Amino acid sequence: MARASGIAEVTYRAVADRESIWKTIVDVADELDAALIVTGSRGLSGARSVLLGSVSNHVLHHAHRPTLIVPPQPRTPQPRTP
């Protein structure tokens, strides 16, 4: 998606770790000296967000580099069947 948008230099990595995922994302971004962290959001709010936590929110508040959080696509209403 990044390359399709015209961003030429893209680095990505899959990591299996026992750390929390947000910490692993921040650590790998630091290791790579990433210019930008891009992460998605599920769009949870209220009690669900508090109970389930938010990886993107933790990354945003713990990373010492620019972070872009991509919101989920809006759901399209399903047509009702009579």
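What you see is a predicted model, and the numbers here were worked out from it, not measured in a lab.
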For this session: Determine which pairs satisfy salt bridge (charged side-chain N to carboxylate O under 4.0 Å, His left out) with at least one residue from residues 58-67, sequence neighbours left out, and list them in order.
Result: Asp30-Arg65, Asp33-Arg65
For this session: Answer with yes or no whether the hydrophobic clustering places Leu36 together with Val70; edges join I, L, V, M, F, W, Y residues whose side-chain heavy atoms lie under 4.5 Å apart.
Result: yes
Problem set entry | Under the side-chain contact (heavy atoms from CB on, under 4.5 Å) test, residues paired with Val59 that sit two or more places apart | Trp22, Ile25, Val26, Ile37, Val55, Ala63, Thr67
Problem set entry | Residues that Asp27 engages under side-chain contact (heavy atoms from CB on, under 4.5 Å), provided they are two or more places apart | Lys23
For this session: Search all heavy atoms of Ser56 against all heavy atoms of Thr39 and return the closest pair with its distance.
Result: CB-CG2, 3.7 Å
Exercise. If you round to the nearest 0.5 Å, how far is CG of Leu68 from OG of Ser41?
Worked result: 11.0 Å
